[in-house]
Amino acid sequence: MDIVPIPGAALGAVVHSAPFTGDLDEDRFKKIWAALDEHLVLVFRGQEPPSYEEFLAFGRHFGHIPKTGLTSGAHPDHNEILMVSNLVENGRKIGVGDADWMGWHTDYSFRPRVSQVGFLEALEVPLSGGGQTLFTDMYALYESLPPELRRRLHSYRARHALRTGYEETIEEEYQGEVSLAQADGAAPAATIQPEDGTSTVHPLIARNPRTGRRAVYVSTLNTKRVLELAPDDSRTLLDGLLRHAGAPAHTYAHTWRPGDIVMWDELGTIHAKAAFDPAERRILRQVVSIFDDPVEPWRAEAIA
């Protein structure tokens, strides 16, 4: 297995000679984890297309894969697999999304059990090269901040919520405000299911449990409010932090080729989709793993 950094890119590497199947031995598993922690985005290129079962089996090596909870837009036989497409067939969308710009986000931040690793496979992509997926390094944002501001951010929590208009696409049993712990520090509720929640509260700073690196855990689409600040002050802070998103020094823009499978660190990056001609076809499939221990991303060592 060869892992080659993407020339000229701020992050990302291409993985060669690593079949994307559920049969993943311990040595390859450790090498892929280490590469992901180093490069944040891995591109598996020139793969034999995995079956839906193989796609899920590979992803499950990197954590539990929850159901999407979607009533439409997921694979009909595997609700854990999100279909991403602008296409309408027989009057019905075959997935979620369209050809417009999709803003910065990290998957499932609106749930109490957040995403750990994302996997996205290109089935059909625009011939023009449009519809790129962009990834921005949020560890780099944290590490670039003045120490005094970092310490202040550690005392803040933010509310994350599903985008307005998507509520009707989620199974009703999974909807609602659900948080791992109450403001008084109560223990996480053991009854929280992996799919629960369309709104939740998280600390503003997350910590990668394998590397110890910290990331600013905010996004354009889903972070609504810093709870400890007045609304205007919250908006000013979030807008200032999110100016980092898309900065060339911290961003990789992936131009898709058919068969590409991209794997990325969901805790330490946010991603977005570039617009493309709606007359072009784009079909991808995605799975997302979540942390097995839901409080793991929020355990902090002493702050420097």
key: Transitive ILVMFWY side-chain link Y52 to V288, under 4.5 Å   = no

remark   = Taken in chain and number order and not counting sequence neighbours, the residues that satisfy side-chain hydrogen bond (donor to acceptor under 3.5 Å, both in side chains) with T136 are T251

request  = Using the test side-chain hydrogen bond (donor to acceptor under 3.5 Å, both in side chains), find all partners of N79 that sit at least two apart in sequence or belong to another chain.
outcome  = T68

query = When the ring centroid of H250 is compared with that of Y139, is the distance short of 6.0 Å?
reply = no

note = Sequence neighbours excluded, the answer for salt bridge (charged side-chain N to carboxylate O under 4.0 Å, His left out) partners of E80 is R60

key: Which residues share a side-chain contact (heavy atoms from CB on, under 4.5 Å) with K31, sequence neighbours left out   = M1, D27

Residue list, side-chain contact (heavy atoms from CB on, under 4.5 Å) with F110, at least two apart or on another chain = Y108, L162, N222

query = Among all residues two or more places apart in sequence or in another chain, which pass the side-chain hydrogen bond (donor to acceptor under 3.5 Å, both in side chains) test with H78?
reply = E53

query = Can you list the residues that meet the ring pair (Phe, Tyr, Trp, His ring centres under 6.0 Å) rule with H202, with sequence neighbours excluded?
reply = H160, Y217, W298

Donor-acceptor pairs are to be reported for all side-chain atoms of residues 240-247 against protein atoms at under 3.5 Å, with residues two or more places apart or in another chain.
from	atom 1	to	atom 2	distance (Å)
H244	NE2	D137	O	2.7

key: Residues that R225 engages under side-chain contact (heavy atoms from CB on, under 4.5 Å), provided they are two or more places apart   = L227, P231, S234

message = Strictly by side-chain hydrogen bond (donor to acceptor under 3.5 Å, both in side chains), give each pair with a member in residues 88-103 just once, sequence neighbours left out.
response = none

Partner residues of E54 under the side-chain contact (heavy atoms from CB on, under 4.5 Å) criterion, sequence neighbours left out = T21, P50, S51

remark   = The side-chain hydrogen bond (donor to acceptor under 3.5 Å, both in side chains) partners of H254 (sequence neighbours excluded) come to Y252, D260

